[in-house]
Amino acid sequence: YIKAEENCDEEMKGFIYQEIVQININENFELHLKYINKAIEHDNSNPYFYSYKGQIYSKFGYYDEAIKFQLKAIELQKSESVFYKRLGDI
């Protein structure tokens, strides 16, 4: 994915950043934040990116931050039930 990031057009970068985060959610905290932040920079209106960021914070024990980003995802797309589930899981 890192190599793909260098060679893809702008339209695909958000997808690639999201995939990097999903593949290794149990790995490196800083690496996950780096790529989810890039995804958010690329498309800051995508609620799934904020939800994934919340999952990262939750996985590593940063629950206040996790809640903040799940709430941001809900704010952007109130009808997505998975965001409410993830908020309840924190």
Side-chain angles (χ1 to χ4, degrees):
Y1 280 113
I2 305 300
K3 196 62 145 171
E5 174 196 3
E6 296 169 2
N7 297 317
C8 75
D9 62 21
E10 288 298 313
E11 190 172 318
M12 287 299 297
K13 283 189 179 181
F15 173 75
I16 289 170
Y17 300 141
Q18 176 182 326
E19 290 300 307
I20 289 169
V21 169
Q22 287 182 328
I23 288 170
N24 296 308
I25 193 116
N26 295 320
E27 300 293 325
N28 185 299
F29 176 71
E30 289 82 17
L31 181 66
H32 287 299
L33 281 184
K34 174 184 173 182
Y35 283 102
I36 200 60
N37 286 334
K38 282 186 174 196
I40 291 169
E41 279 179 32
H42 182 74
D43 180 2
N44 66 3
S45 66
N46 186 323
Y48 293 93
F49 294 161
Y50 292 98
S51 183
Y52 293 136
K53 189 169 184 175
Q55 285 185 287
I56 293 164
Y57 276 111
S58 181
K59 176 69 179 169
F60 290 95
Y62 300 99
Y63 302 114
D64 290 340
E65 288 297 306
I67 291 168
K68 177 174 119 180
F69 287 105
Q70 291 303 335
L71 290 174
K72 178 66 176 178
I74 291 168
E75 175 187 321
L76 291 172
Q77 189 171 341
K78 291 175 178 49
S79 63
E80 181 57 74
S81 62
V82 73
F83 301 150
Y84 296 92
K85 181 193 178 312
R86 289 174 181 167
L87 181 61
D89 289 343
I90 297 172

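What's counted below: heavy atoms across the whole structure, side chains too, no hydrogens, waters or symmetry copies.
Separation of the Phe69 and Tyr52 ring centroids does not fall under the 6.0 Å cut-off.
The distance from atom CZ of Phe83 to atom CG of Leu87, rounded to the nearest 0.5 Å, is 11.5 Å. In this structure, Glu65 CD and Lys53 NZ are separated by 8.0 Å, a value rounded to the nearest 0.5 Å. Considering CG of Asn44 and CG of Asn37, their distance stands at 12.0 Å, rounded to 0.5 Å. Here Lys72 contributes atom NZ and Ile40 contributes atom CD1; the two are 9.5 Å apart, rounded to the nearest 0.5 Å. Atoms CD1 and CG, from Ile90 and Leu71 in turn, are 8.0 Å apart once rounded to the nearest 0.5 Å. In this structure, the separation between CD1 on Ile36 and NE2 on His42 is 12.0 Å, given to the nearest 0.5 Å.
Using a 4.5 Å heavy-atom cutoff, the side chains of Lys78 and Tyr84 are in contact.
Between Asp43 and Phe49, the shortest heavy-atom distance links the atoms O-CD1, 3.5 Å. Of all heavy-atom pairs between Pro47 and Gln77, the closest is CG-OE1, 3.2 Å. For the pair Ala66 and Tyr57, the tightest heavy-atom approach, listed with the atom from each and the gap, is N-CB, 3.7 Å.
Electrostatic pairing of Glu41 and Lys38 does not count as a salt bridge here, judged by no charged N lying under 4.0 Å from a carboxylate O. Taking the charged nitrogens against the carboxylate oxygens, Asp64 and Lys68 have no contact shorter than 4.0 Å, which rules out a salt bridge.
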request  = Could you go through the side chain to side chain donor-acceptor pair (under 3.5 Å) check for Tyr48 and Glu80 one step at a time?
outcome  = CA-CA 10 Å; Tyr48 293 93; Glu80 181 57 74; 2.4 Å; yes
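No side-chain donor from either of Tyr50 and Glu75 sits under 3.5 Å from a side-chain acceptor of the other.
Using modelled atom types, no side-chain atom of Gln70 and backbone atom of Arg86 make a donor-acceptor pair closer than 3.5 Å.
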